[in-house]
Amino acid sequence: MSAAAPLSLPEALASANAWPFEEARKIIKRIEVTGQKEVLFETGYGPSGLPHIGTFGEVARTTMVRHAFRILTEDRIKTRLLAFSDDMDGLRKVPDNIPNKELVASALGKPLTQVPDPFGTHPSFGAHNNARLRAFLDSFGFEYEFASSTEYYTSGRFDAALLHMLAHLDAVMTIMLPTFREERAATYSPFLPIHPRTGIVMQVPIEKADAGAGTIVWRDPETGEAFETPVTGGHCKLQWKPDWAMRWYALGVDYEMAGKDLIDSVKLSGRIVQALGGKPPEGFNYELFLDEKGQKISKSKGNGLTIEEWLTYASPESLSLFMYQKPTAAKRLYFDVIPRTVDDYLSFLDAYPRQAFKEQLGNPVWHIHSGEPPAPETLTHDNQATTISFGMLLNLAAVANSEDPAVLWGFLRRYAPNVSPQNHPRLDKLVGYAVRYFRDFVRPSKTYRDPDAVETEALKSVLVMLEGLPQDASAEVIQTALYDVARAIPRYQDLKAKGATPERPGVSNDWFSMLYAVLLGEARGPRFGSFVALYGIAETRALIEKALRGDLSREHALFLQSQ
RNA sequence: GAGCGCGUAGCUCAGUCGGUAGAGCAUCUGACUUUUAAUCAGAGGGUCAUGGGUUCGAAUCCCAUCGCGCUCACCA
């Protein structure tokens, strides 16, 4: 690097330009005006479905901004992160992925917290999904406070803001109406009364608004009966965009990010807050995730990658890295990106201890681990420390043709005898991920070939050779014996090989290529003597016998059919 | 119609306040106690979509154009 003196931590912080710092500075600028001593971050959540990969992304990213803010302000300003569940929303449609659909269907239109729980484990469907959300967030160790919309409405925490909005109804309508077509504009109301008899969230026009009494008058379209309902105390809910605005206003939300699809909604809600005399929160719009074909990932389509799928093949930290990187660029979120993201994460972790403050603050692992990334786990071989990459493990699993983590650990231990799952727990997890990735993605792409006549004879010779070896024969002994078997077979002789003589010909690559293609279903493979030593002599003989019977290719064909 | 993202090596993409283009894979070459790779070293390969502008200097900032794609325009 250059001869310039490394920056001190405060200097490095002042110039840190990773996006969480940029976001944090927007909040700092905001509170310099107000002089407030507390900052509220919010993430929203619609509890009609289960938490998903986008939920994780939003909370992870907001947490990164929050942490950057805490460091920049040296914790002089208190911060809170509110995970707000819009559980008073009316149920529009019965989800496909639940039991007891009739039970839920009977409550269509009611607030989610009034819909019976189809799983029978919670007081309501909303409560059930809220619990799922919290368990989900807790499993990643996020720090947050949970908030239930129903609870806030019914407890009266929103009453003042609701009355305030009622008093400014004209201003709200002026903002909202131009966004609708005529038919909708004629019936629109930001206040949705809960029907006092049916409990349904009503979408009806307001016939009269009484700001003084804090009520609205509306009419049941079916019976024609008129009702006067207080906007307070949970008797009314707000339409989505005014609801968002009212929440920002009532709670004093300082920061909330949202997806690109909500850009217009953010603007609109922001204008409503201003009409109420408040200030919309800081925030930015992140890009949406695309599937492998560049289509938007949506829950209903079921395309793209679920968070469960990611966590089957890789760690939560690697997913955090994916969320950290370029939040404003549309990225394809598909299986292919997993190995690369995992390896990127490992390299960032590896580089961190060697970096100066300035670089560390721009290193994603600093943001992922809230400033305290763990030390990288390395293997020591010939006094050199190396980080085992995910790609390398995938390679290993493929060549060892094994879904057994113990086999991979066998290879690792041969390379660095002192390693174990006990002293390298994160590497052990990585091994587990690699094995699963192999099982689901690598194995299906194998192609086994049946041996021809010459190859059949050659493999039989290998069988005889293996039978003559002791069970604990070393990799070198096996390797040498393999060469000797091939040396006698004209097809595999190579007279141009280094040190080859007519009496003792060399052995060509084709010999090993054949073993890989027939026995492992791969074009490339491991040093075969080592493979046999690890895999076991008896097991290798069984493998060869299966190949000779044609079972390997047959079983693989069946396996592929079953996929 | 409104808003946004992307366009960099054959492929997938990095490129951190502007300073002589990078990685992985792929290809090729070589080394490593019998041509095998969980190895190492090296090579080739890019008018950074196009055209302008700012600047001593632009992949990077600004404007325009082209191409690809996404989102929003009745619900949340």
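Order of the sequence lines sets the chain letters (A, B, ...), proteins ahead of strands, with each chain counted from 1.
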Quick check on the 6.0 Å ring-centre criterion: do A:H369 and A:Y352 meet it?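 They do not qualify: ring centres at least 6.0 Å apart.
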
Given the side-chain rings of A:F322 and A:F289, with only the six-membered ring counted for Trp, is the space between their centroids under 6.0 Å?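 So the answer is yes for these two rings.
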
With hydrogens left out and only the distance checked, is there a donor-acceptor pair under 3.5 Å joining A:K260's side chain and the base of B:C70?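 Looking at the base of B:C70, it does pair with a donor or acceptor on the side chain of A:K260 (distance under 3.5 Å).
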
Nearest-angstrom distance from the residue atom [atom1] of [X] to [atom2] of [N]:
X      : N     : atom1 : atom2 : value
A:R181 : B:C72 : CZ    : C1'   : 12 Å
A:L333 : B:G5  : CG    : P     : 20 Å
A:Q203 : B:C74 : CD    : P     : 14 Å
A:F348 : B:G24 : CZ    : C1'   : 13 Å
A:K326 : B:U8  : NZ    : P     : 11 Å
A:L361 : B:U16 : CG    : P     : 17 Å
A:Y286 : B:G3  : OH    : P     : 22 Å
A:I263 : B:G5  : CD1   : P     : 8 Å

Hey, what do you get for OG (A:S320) to CE (A:M64), rounding to the nearest 0.5 Å?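 Spacing of OG (A:S320) from CE (A:M64) equals 5.0 Å.
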
Once rounded to the nearest 0.5 Å, what's the spacing between atom OG of A:S124 and atom CG of A:L91?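 Output value for this atom pair is 11.0 Å.
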
Side-chain H-bond candidate by donor/acceptor type, A:D89 with A:W240, under 3.5 Å: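 Distance-only check fails for A:D89 and A:W240.
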
Using only side-chain N and O atoms of A:R332, determine if any of them is under 4.0 Å from OP1 or OP2 of B:C13.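 Yes, A:R332 has a side-chain N/O under 4.0 Å of OP1/OP2 on B:C13.
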
Tell me which nucleotide among [options] gets nearest to the side chain of [X].
X      : options             : answer
A:T480 : B:C13, B:U34, B:C72 : B:U34
A:A330 : B:G5, B:U12, B:U71  : B:G5
A:D261 : B:U12, B:A14, B:C72 : B:C72

Between A:E287 and A:D484, which residue's closest nucleotide on RNA chain B lies nearer the 5′ terminus?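 Here A:E287 is the residue nearer the 5' end.
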
On RNA chain B, does the nearest nucleotide to A:A329 precede the nearest nucleotide to A:Y483 from the 5' side, or the other way round? Give the residue.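 Closer to the 5' end of RNA chain B: A:A329.
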
When both hydrogen-bonding distances must be under 3.5 Å and the geometry is Watson-Crick or G-U wobble, what is [N] paired with, if anything?
N     : answer
B:A14 : none
B:A38 : none
B:A21 : none
B:G45 : none
B:C66 : B:G7
B:G57 : none
B:U71 : B:A2

Rounding to the closest angstrom, what is the interatomic distance between [N] and [M] at atom [atom1]?
N     : M     : atom1 : result
B:A14 : B:A9  : C1'   : 13 Å
B:A59 : B:A49 : P     : 10 Å
B:C40 : B:C56 : P     : 46 Å
B:G57 : B:G53 : C1'   : 15 Å
B:G7  : B:U60 : C1'   : 15 Å
B:G45 : B:C25 : C1'   : 14 Å
B:G24 : B:A31 : P     : 22 Å
B:U71 : B:A26 : C1'   : 36 Å

Looking at every strand, decide which applies to [X] at a 4.0 Å heavy-atom threshold: base, sugar-phosphate, or nothing.
X      : result
A:R92  : sugar-phosphate
A:A18  : nothing
A:K267 : nothing
A:D86  : sugar-phosphate

Any idea how A:H67 and A:W366 line up, ring-wise: parallel (<30°), tilted (30 to 60°), or perpendicular (>60°)?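 Aromatic pair A:H67/A:W366 classed tilted.
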
Would you call the rings of A:F390 and A:Y437 parallel, tilted or perpendicular, where under 30° means parallel and over 60° means perpendicular?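 The rings of A:F390 and A:Y437 stand perpendicular, inter-plane angle above 60°.
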
Residue of the set A:L262, A:D86, A:L238, A:V273 for which side-chain contact (heavy atoms from CB on, under 4.5 Å) holds with A:W244: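 For A:W244, the side-chain contact (heavy atoms from CB on, under 4.5 Å) test succeeds with only one of A:L262, A:D86, A:L238, A:V273, which is A:L262.
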
